[in-house]
Amino acid sequence: MKKILIILAFALTKISFSQSLTNLIPADAAYVFSLNFGQLNMKSNQLSYTKFLSPFLTESYSYYANNSTCSFPAIADMLKNINDYGISGQSELYMFRTQFSGISGTMYLFNLSDVKLFESKILLGCVDSNILLIKNVYNANVYVAGTKAVCVKGNMGALFIKDFNYFDYYTPEPTPPVVVPNDSVKSDITENQENVNEKAVNDDLMTESEKEDLNKEKLEKERKKAEAIRIKNQNKAIMFFMECWLNLSQGNIRKNMEFMKLSEGHHDAYVFMNTMAMFSNKMLPFIYDRNQYDMISSDKNAARVLTKDLSASYAIDFDNGQAVVKIAGHYNKKVYPYIKKQYHTRQSKKVFKYINGPELLGYTSIAVDMKQAGKLYEDMLKEMADQVPANLKGAYFLPAMQLFYAFIDKEMLYNTFTGHNILACTGFQDVNMQYSTYEYDENFNSKEKVIDTLQKQPKMIMVSALGNKEYARKLFDIVGGFPVFQKVNNSLFVLRPDRRSDMAVYFALTPDALVITNDSVLIFNNLGGLPKSKQITGNERKFIRKHNLAIKINTTEMLNAVQDAYFKKGETLPVVAQMMTSLGDLIVYDDKPTVTGYSATAVLTLKDNSANSLYLLLKMMAMVK
Amino acid sequence: MSFNKILILCIALFSFSSCFEIVEEVNINSQNGGTYILTANFSKSKLRLHSLMKLDTFMGAKIPRQYELNEYINKAEKAIKETPGVSLVSKTVDFENFIFTIRFDFDKTATLNNALNNAARNISPEKELAFQSIFGSTLNIFIRNKIPDDSLAAKLNIYNKHLELIQGASIRSIYRFPKEVKGVSNSSALVSKNKKAVMLKQNIPDIILHPILFTNTINF
């Protein structure tokens, strides 16, 4: 009973920690990344995992801010050494992108185990306290310096890093002092400049070089003064941003049902992409220029039907015996009819007969209704184009796409192929190839020599089921007309990327599919389909046909084939050896779409189903390093 | 990622062992000048290189495009041409077989060093590349110095496992002289039958870790 109470208390503490942090994530945050320190610390067995976050924690503008006499620590360093900074290793870390009042950036939110230690550590790099702006707002201590802000509210800590903006680092050059010809013009000049001019120009006792030095010194003082004003104004703007954030007038992300479902899933790590917030915040790469000073909000009130409440989520859990990644796309009820029709189909049986089952190392199978998919993207694109603010230069992009789309033959686009595709790797083959080397006579005069050699190459095959055969024939003949291809017969052409090797990629049009492969045996012996005994198994077919997206990597077979192909006499790289002993298969599959979302699950199994997957993967990554 | 890119990535992923050869030839004439020829022959790995060059990045590293490689070679050629004392600069570029050659005449060993350093500086992203004295010579003595130096070797030693991937790569030096060679300091070097040429072949990973293996002092 006592144990249950302790666990209950612990769980409640965690929930309240989590709640208080998510309360401070704005509803329109472009994305939210969460890392559960408590769970990951327990599973990692002391192996460092936060170092793998470093590539995502770049502070691109730090180069410009290096000269600052007051700067807060780098986020990468803080997360690598959470104990040194007094950050709690038992709660979650949240990272999100947001914007208020023309300032955008990334916020890191965490719980503190030692508030005093945290405050002392962040102020350690601040030698010149004149640059630091401190304010107490909404019961929180906020510190602003340079392009960063730190906030401490109770046991919650936050670090904000402002996006790079050219104008943040641009201080206008002060005007050099001018020689004044007469008193009438002199009155227009500032007092300071007048003094400089008097000293620098009118002082006959000074040499030319001394005058120049004095002017330079004065200019430097002016520059520093302007720089101080710029920093002060920037600090004020960031402070105002922090106040807006703490006030959170637009509400927090907890009102988003999809986020709440994700948050309550207690995942080891997850990312929530608030797709439409990204769009309306101009954070889409093709319409948003991050160096642009003005952040213009969408001023159009076009009706949002399909593009409303769009979001996506990615969650990862490291369990014993497996690591599981859940990927989901969320949409509103108006989108569901499109999605339902798009995924009503199953993988075509026609594509299976070309895939060599006994030698299968891995495959990706996709089955979608092309026409329905096209319809959804067409309608969505139109709606998005209507919402792009007219004054953004990127606003040309979507109408241009629409214009291009208007001229496309949609009948041919959506009906040539049915949308049933499979890509597979079916083992390795020897490819004959010639290369040049040199031989030397007894006096070391060289002569070029061409040598024949065999090289291993993976056998790859892609099969796309045909819809309208007439269209397929027309397209096949057009593409086959390019001089890079050699025509073998009416239904087969070949691409030879290298004249000195027999490597070839074949494009074959069969009565039911387009087959692209480098497997010459299949092309010349089994283009009508492999014998039944050589096709993929019934169980595999069942699995593929049950899902619209099905991916499988037969890790053991794949690694054995790699070992045979590239390592002689049992030699291998340590990481490959570790993978061979530890990893099971990788399987990805989707679930039937629901009214609010479409999801897929990736499962990496371990051979030992009681093994700690995070610890094992970290060990392998350390080996690669 | 498109199916095409997946296909290319699969081919590249399974082709991670690499093999190439570099040949450095110096023909010294009687005025202590001569001809320098550098050949980089990647033809044995051309299938992998063709696949890799279709990708933007591979294992985190940016893969240069053909035009970018051409730009590097042109920059190096230009820097060599502009070095005083250098003449008859020529290059061959074969992207089908991945064989690249650069050849030029120099009036003295110091010019050869200048030309190679200028080329390196012109293509290196590092702004302040230290001058490396690759070759040295006095009367009847020709020296191949220790390049790269030990600091680079120590740095690269950390990535020992990466060096395994280029285990098959080799470098060969051939130095030809107008007179007979009297002696060589490197015991792995071979002297030709007419005694007017010296050849030394080493594996590139060995040279990176132990640059001394490629040094040689030749008396002629």
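Proteins get letters first, then strands, A, B, ... in listed order; numbering begins at 1 in each.
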Query raised in the report: Between B/Ser43 and A/Ser436, which heavy-atom pair has the shortest distance, and what is it?
Result: OG-N, 2.9 Å

Report summary line: Distance col, row B/Leu190:CG vs A/Glu442:CD, nearest 0.5 angstrom, shows 13.5 Å

Report task. Please flag which part of B/Asn194 lies under 4.5 Å from any non-hydrogen atom of chain A: side chain, backbone, both or neither. Result -> both

Query - Under 4.5 Å from a heavy atom of chain B, the part of A/Tyr438 involved - result: both

Requested in this report: Spell out, as yes or no, whether a donor-acceptor pair under 3.5 Å connects the side chain of B/Lys46 to the backbone of A/Gln434.
Outcome: yes

**Report entry** B/Ile174 side, atom CD1; A/Ser446 side, atom OG - distance, nearest 0.5 Å
**Finding:** 6.0 Å

Query - Side chain / backbone / both / neither for B/Val198 at chain A, heavy atoms under 4.5 Å - result: backbone

Requested in this report: Pick whichever of B/Lys195, B/Arg172, B/Glu25, B/Lys44 has the most heavy-atom pairs under 4.5 Å with chain A.
Outcome: B/Lys44

Report task. Look only at the side chain of B/Arg176 and the backbone of A/Asn443, and say whether a donor-acceptor pair between them is shorter than 3.5 Å. Result -> no

Report task. Identify which part of B/Glu96 has an atom lying under 4.5 Å from any heavy atom of chain A, answering side chain, backbone, both or neither. Result -> both

Query - Whether B/Ser192 side chain and A/Phe444 backbone form a donor-acceptor pair below 3.5 Å - result: no

**Report entry** Structural part of A/Asn445 lying under 4.5 Å from a heavy atom of chain B
**Finding:** both

Query raised in the report: Is there a side-chain hydrogen bond (donor to acceptor under 3.5 Å, both in side chains) between B/Glu21 and A/Thr437 once you walk through the steps?
Result: CA-CA 8 Å; B/Glu21 62 179 308; A/Thr437 185; 2.6 Å; yes

Report task. Count the heavy atoms of every other residue, nucleotide or ligand shown that sit under 6.0 Å from OH of A/Tyr440, and state whether that count exceeds 12. Result -> yes

